[in-house]
Q: 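Before I ask anything, here is the structure I am working with.
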Amino acid sequence: MSLRIYNTLTRRKEPFQTLEPGVVRMYVCGPTVYDNAHLGHGVSLLVYDIIRRYLEYKGYQVRHVMNYTDVDDKIIQRARELGEDPQALAERYIQAFEQNMRDLGVRWPTVQPRVTREIDWIVRMVQGLVEKGFGYVVDGDVFFDVSKDPDYGKLSGRKVEDMLAGARVEVDERKRHPADFALWKASKPGEPAWESPWGPGRPGWHIECSAMNLHHLGEQIDIHGGGRDLIFPHHENEIAQSECYTGKTPFVRYWVHNGMLLVRGEKMSKSLGNFITVNDFLQQHEADVLRMLLLQAHYRSPINYDDARLQQAQQALERLRGAMRPAYPEAQGADAATLQALEAEQRAAVQGFEAAMDDDFNTAVALGHLFNLVRAINRARDAGATAAQLAPAQETLRRLAEDVFGLHLTPETVTGDIAPLVELLLEVRQELRRARQYALADRIRDGLAALGIVVEDTPQGSVWRRA
RNA sequence: GGCGACGUAGCCAAGUGGUAAGGCAGGGGCCUGCAAAGCCCUGAUUCGCGGGUUCGAAUCCCGCCGUCGCCUCCA
């Protein structure tokens with residue numbers, strides 16, 4: 001079985017082959033830190049977390065770089081509004097973002113570069129582009145000359161000529177071509193600035209990612225990820241800069257773009273004001289619900305966000321977790337046919353799961369296989385399987401759902417173990433039930449429920465769990 | 001206006017040439033003192049609409065309708 005990944009550049013699924021055997025160089029566009037992250041950012045974090053987890057599951061060592069854009073127009077503007085130092089503001093939101101990352105349970109990137117710490121690399125790159133004739137200097141600004149790059153537009157499927165017609169934005173008169181973009185921007189008084197051959201200034205909008213890729217991963221990388229909304233102009237420009245600078249093609253072997261999170265059919269975004277912050281979400285729901293919402297769809301499709309869907313995701317999550325419940329207390333062991341079926345389903349689930357994930361990370365299908373395993377486990381438990389008989393299948397489910405999907409199936413153990421007390425109560429309750437003292441028995445069950453402990457009676461004994 | 005996606009049961013969603021996965025919700029049954037959970041059974045003769053190609057299409061082609069994204073900072 002081999003992994004295939006959809007490449008935005010070729011618009012096809014392609015067999016995944018790394019530049020260096022066993023190692024994946026993966027770069028994912030991180031946030032511009034001028035405000036708290038919303039669920040759109042959360043989706044992106046989770047999508048690439050799941051992709052990375054699966055690559056690691058397959059045995060790859062993943063060098064995962066995620067950048068912070070900590071200097072740009074919005075940060076400067078926001079800092080001015082708040083009377084705060086732009087660097088301090090960026091630092092504050094980086095901290096907030098990393099707390100979100102911890103809360104969402106994503107695996108930590110190998111490197112998290114910041115623009116302000118990469119200025120040397122950026123200047124070197126801009127200078128190189130100017131020397132090779134791909135950039136030109138005007139009044140301390142440096143622009144990239146798209147007409148010098150015959151490949152320009154190949155990622156987004158645009159032609160430079162077409163863009164002239166569609167240009168709705170007022171064009172900087174100093175540009176040679178309307179599609180030219182800034183590599184370096186001369187700074188105005190009071191703005192953050194670094195020395196450069198062209199005078200004090202700061203990096204343009206796209207050069208940072210090219211420079212950080214070069215610095216931390218090399219001239220060519222395996223996977224570059226980001227939201228679909230970054231295809232143009234951001235990633236298009238990144239390719240132009242990197243390939244013109246190094247002379248090597250392709251800069252990126254697999255361009256991966258995740259679909260947008262939609263609210264009432266529109267993209268969740270700051271400018272539309274229809275966003276929910278990660279913090280607000282986590283106030284109401286656990287992180288796994290968002291993860292589940294994504295797993296049920298495909299990462300390239302847009303995902304609608306609404307309460308009904310959240311509810312469905314929550315229910316599906318509970319069903320998955322239900323399979324991890326222990327064997328019944330008085331289980332006598334299941335019959336051979338049931339155990340054989342369980343074992344067969346376990347194998348089929350692993351195989352189906354891997355085949356689905358190998359097919360461009362088809363999590364919805366992979367999840368379907370997990371649910372098949374859930375049914376087999378529940379069936380075996382009902383048939384009286386012992387803990388030892390359930391264990392292998394449950395461990396398989398746990399491994400796939402937790403290690404690869406990043407979900408949490410088993411509740412955290414709480415300090416101050418209450419198990420002996422609950423069990424004592426259940427023993428008493430069992431005697432009451434035998435004596436047909438149902439009113440009292442129900443009082444115990446209701447009382448425990450109020451304390452967050454669910455009691456369930458089965459033919460093979462009563463079990464309890466935290467709600 | 002240009003570029004690119006998408007439209008599958010009440011809802012979410014997979015499937016891109018061989019006769020419709022999975023989840024949620026609903027209905028019926030089993031189990032239970034009741035409940036919860038679980039298990040079993042149950043749902044599209046049909047995949048936005050209209051043509052065409054094919055022995056055969058949700059899957060390919062053409063047209064139409066609708067939705068969304070990008071073309072400007074954006075995960």
Side-chain angles (χ1 to χ4, degrees), chain A residues 8 11 28-32 34 37-48 66 69 72-74 77 153 156-159 161-170 179 205 225-234 236 257-262 265-272 275 292-293 295-298 300-304 306 308-320 322-323 325 328 352 356 359 362-372 374-375 377-383 433-434 436-439 441-442 445-446 449 454-459 463 465:
Chain A
T8 307
R11 302 204 179 93
V28 181
C29 283
T32 300
Y34 71 100
H38 65 238
L39 288 178
H41 301 105
V43 165
S44 198
L45 280 171
L46 292 173
V47 163
Y48 296 102
M66 190 196 75
T69 300
D72 102 322
D73 292 346
K74 284 193 170 172
Q77 188 191 327
S156 55
R158 285 156 216 266
K159 294 191 176 73
E161 311 87 73
D162 292 343
M163 282 187 276
L164 266 170
R168 293 189 305 190
V169 189
E170 34 190 303
W205 305 325
R228 289 186 83 93
D229 54 355
L230 294 180
I231 293 172
F232 189 90
H234 187 59
E236 191 70 72
H257 291 99
N258 61 285
M260 298 290 101
L261 188 65
L262 308 179
E266 285 182 312
K267 177 172 129 182
M268 178 178 286
S269 72
K270 285 275 191 263
S271 44
L272 286 169
F275 61 91
M292 203 64 183
L293 193 72
L295 289 168
Q296 288 181 302
H298 187 97
R300 280 190 277 121
S301 311
I303 299 169
N304 264 298
D306 66 50
R309 258 165 270 233
L310 239 40
Q311 183 61 236
Q312 289 183 8
Q314 173 76 51
Q315 292 299 327
L317 181 61
E318 292 308 327
R319 176 155 170 81
L320 221 45
R325 291 178 195 185
Y328 296 136
D359 183 16
N362 194 333
T363 55
V365 169
L367 191 60
H369 289 286
L370 256 35
F371 280 110
N372 289 339
V374 164
R375 179 172 298 105
I377 291 171
N378 289 337
R379 215 179 263 159
R381 187 192 300 98
D382 278 1
R433 289 178 74 210
R434 283 206 188 96
R436 307 182 74 82
Q437 302 259 21
Y438 295 122
D442 287 350
R445 186 173 64 192
D446 294 345
V454 180
V455 176
E456 294 169 356
D457 302 323
T458 81
V463 295
R465 63 187 166 85

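Sequence lines set the chain letters: A, B, ... in the order given, protein chains first and strands last, and positions in each chain run from 1. Side-chain atoms are counted along with the backbone in the values below, which use heavy atoms only and exclude waters and symmetry mates.
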Q: For the OG atom of A:S44 and the CG atom of A:L39, what is their distance to the nearest 0.5 Å?
A: 12.5 Å
Q: For nucleotides 73-75 of chain B, list the nitrogen or oxygen atoms of the protein found under 3.5 Å from its nitrogen or oxygen atoms, one pair per line.
A:
{"from": "B:C73", "atom 1": "O2", "to": "A:K74", "atom 2": "NZ", "distance (Å)": "2.2"}
{"from": "B:C74", "atom 1": "O2", "to": "A:K267", "atom 2": "NZ", "distance (Å)": "3.1"}
{"from": "B:C74", "atom 1": "N3", "to": "A:K267", "atom 2": "NZ", "distance (Å)": "2.9"}
{"from": "B:A75", "atom 1": "OP1", "to": "A:H41", "atom 2": "NE2", "distance (Å)": "2.9"}
{"from": "B:A75", "atom 1": "O5'", "to": "A:H41", "atom 2": "NE2", "distance (Å)": "3.4"}
{"from": "B:A75", "atom 1": "O2'", "to": "A:S44", "atom 2": "OG", "distance (Å)": "3.2"}
{"from": "B:A75", "atom 1": "O2'", "to": "A:G227", "atom 2": "N", "distance (Å)": "2.4"}
{"from": "B:A75", "atom 1": "N6", "to": "A:M268", "atom 2": "O", "distance (Å)": "2.8"}
{"from": "B:A75", "atom 1": "N1", "to": "A:L261", "atom 2": "N", "distance (Å)": "3.1"}
{"from": "B:A75", "atom 1": "N3", "to": "A:G40", "atom 2": "O", "distance (Å)": "2.9"}

Q: Dump the intermediate steps for side chain to side chain donor-acceptor pair (under 3.5 Å) on A:D72 and A:Y34, then the final yes or no.
A: CA-CA 9 Å; A:D72 102 322; A:Y34 71 100; over 6 Å; no
Q: Measure CG/A:L367 against P/B:G22 and give the value in whole Å, please.
A: 12 Å
Q: Should A:R445 and A:D442 count as an ion pair when the cut-off is N to O under 4.0 Å?
A: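 Between A:D442 and A:R445 there is a salt bridge, with a charged N closer than 4.0 Å to a carboxylate O.
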Q: Supply the atom-to-atom distance A:Q296 CD to A:L293 CG, rounded to the nearest 0.5 angstrom.
A: 7.0 Å
Q: Base, sugar-phosphate alone, or nothing: which one does A:Q311 contact when heavy atoms must sit under 4.0 Å apart?
A: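 Nothing: the residue A:Q311, judged by heavy atoms under 4.0 Å, touches no strand.
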Q: Are any protein N/O atoms closer than 3.5 Å to N/O atoms in nucleotides 10-16 of chain B? If there are, list each pair with its distance.
A:
{"from": "B:C11", "atom 1": "O2", "to": "A:Q312", "atom 2": "OE1", "distance (Å)": "3.4"}
{"from": "B:C11", "atom 1": "O2", "to": "A:Q312", "atom 2": "NE2", "distance (Å)": "2.9"}
{"from": "B:A14", "atom 1": "O3'", "to": "A:N362", "atom 2": "ND2", "distance (Å)": "3.0"}
{"from": "B:G15", "atom 1": "OP1", "to": "A:N362", "atom 2": "ND2", "distance (Å)": "3.0"}

Q: Please state how far atom CD1 in A:I231 lies from atom P in B:G4, giving the value in whole angstrom units.
A: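 Atom CD1 in A:I231 sits about 12 Å away from atom P in B:G4.
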Q: Between protein and nucleotides 29-42 of chain B, map the contacts as a letter string: B base, S sugar-phosphate only, - none, heavy atoms under 4.0 Å, written 5' to 3'.
A: --S-BBBBSBSS--
Q: Drop me the distance from A:I377's CD1 to A:R325's CZ, to the nearest 0.5 angstrom.
A: 12.5 Å
Q: How long is the line joining CD of A:E266 and P of B:G66, in whole Å?
A: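 Interatomic distance, CD of A:E266 to P of B:G66: 18 Å.
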